[in-house]
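Reviewing the structure listed below.
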Amino acid sequence: MKDLDLPEPIAAYFDADRHDGQAVARCFTKEGVVLDEGKTHSGAAEIEAWKNEATARYTYTAQPHTLQTQGNRYLVTSRVSGNFPGSPVDLRYAFILERGRIASLEISP
C-alpha cells in the first residue's frame, strides 16, 4: 500500500477503526453523523453503537489507498477485507471535516 498523506482526523479515524466504538466516536464532532448501509447515525452514542455493532458482526481490516479532495470533502477509497459477503471490496469514505474533527462520514460501495 502506498503511503497516503491523510488529514489528521481521517488518519485518526482509520486508526480508531481498528479498535472500538468509543475510539471511533472520539474522531467526530459532537453533532457528527455517519451514513452507512442506508442508515444515519448521529452523535457520539449512536456512532459508538454503530461501530460496536459492525465489529460484532464482522471481522475486517480497511486499507486506504486513494485520496481525492473535492472542496471541503475528502474522498478516501479503502480496500476492506474480512468475513463478510463479497470480501474484499473497495469502499468510498466521504469525509467532511470541521474544527479538526469529522463532521460527516458517508460510506458507500
Side-chain angles (χ1 to χ4, degrees):
M1 176 180 86
K2 65 182 179 186
D3 214 18
L4 286 183
D5 188 18
L6 295 173
E8 174 54 35
I10 296 174
Y13 169 83
F14 283 106
D15 184 52
D17 191 48
R18 293 194 298 268
H19 300 287
D20 61 23
Q22 196 172 48
V24 167
R26 280 195 298 267
C27 297
F28 288 80
T29 62
K30 201 164 41 168
E31 305 80 27
V33 175
V34 173
L35 288 82
D36 184 36
E37 297 184 294
K39 296 185 184 126
T40 301
H41 311 276
S42 304
E46 285 187 23
I47 291 170
E48 181 176 344
W50 160 75
K51 167 59 180 162
N52 288 337
E53 192 263 329
T55 300
R57 276 196 304 170
Y58 307 117
T59 301
Y60 67 91
T61 57
Q63 296 181 308
H65 60 78
T66 309
L67 171 64
Q68 296 172 287
T69 307
Q70 294 180 339
N72 68 341
R73 285 169 47 106
Y74 295 86
L75 303 175
V76 177
T77 305
S78 184
R79 171 62 44 113
V80 181
S81 307
N83 64 343
F84 56 88
S87 175
V89 65
D90 273 351
L91 294 180
R92 289 174 56 101
Y93 294 72
F95 293 92
I96 296 176
L97 304 182
E98 196 175 277
R99 298 183 311 277
R101 295 198 183 263
I102 300 165
S104 169
L105 168 59
E106 183 172 356
I107 302 172
S108 59

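Values in this document were obtained by computation on a predicted structure and should not be read as measured data.
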- Query: Going hydrophobic residue to hydrophobic residue with side-chain gaps under 4.5 angstrom, can you get from I102 over to L75?
  - Reply: no
Distance-only donor-acceptor pairs under 3.5 Å for side chains of residues 78-89, two or more places apart:
unit_1, atom_1, unit_2, atom_2, d
S78, OG, Q63, N, 3.1
S78, OG, Q63, O, 3.4
R79, NE, D90, OD1, 2.9
R79, NH2, D90, OD1, 3.4
N83, OD1, T59, N, 2.6
S87, OG, G82, N, 2.8
S87, OG, G82, O, 3.0

- Task: Working to the nearest 0.5 Å, report the span between OG1 of T61 and CG of D17.
- Result: 9.5 Å
- Query: Minimum heavy-atom separation for F95 to Y93, with atom names?
  - Reply: CE1-CB, 3.5 Å
- Note on the structure: Residues at least two apart in sequence or cross-chain that pass side chain to side chain contact (heavy atoms under 4.5 Å, CB included) with P7, listed by chain then number, are P9, I10, L67, Y74, L97
- Task: Compare every heavy atom of P64 with every heavy atom of A62, then report the nearest pair and how far apart it is.
- Result: O-CD, 3.6 Å
- Item | Non-hydrogen atoms of P109 and L91 that approach each other most closely | CA-CD2, 3.8 Å
- Item | Where at least one partner belongs to residues 97-109, residue pairs that pass salt bridge (Lys or Arg N to Asp or Glu O under 4.0 Å), sequence neighbours excluded | none
- Item | Contacts of R92 that satisfy side-chain hydrogen bond (donor to acceptor under 3.5 Å, both in side chains) - sequence neighbours left out | none
- Spatial distance of atom CG (D15) from atom CD (E8) [nearest 0.5 Å]: 9.0 Å
Give every donor-acceptor pair under 3.5 Å between a side-chain atom in residues 25-40 and any protein atom, sequence neighbours left out.
unit_1, atom_1, unit_2, atom_2, d
T29, OG1, G32, N, 3.1
D36, OD2, W50, NE1, 3.0
E37, OE1, R57, NH2, 3.0

- Query: By side chain to side chain contact (heavy atoms under 4.5 Å, CB included), which residues pair with I96, not counting sequence neighbours?
  - Reply: N72, R73, S104
- Just how far is it from atom OG1 of T77 to atom NE2 of H65, taken to the nearest 0.5 Å? 5.5 Å
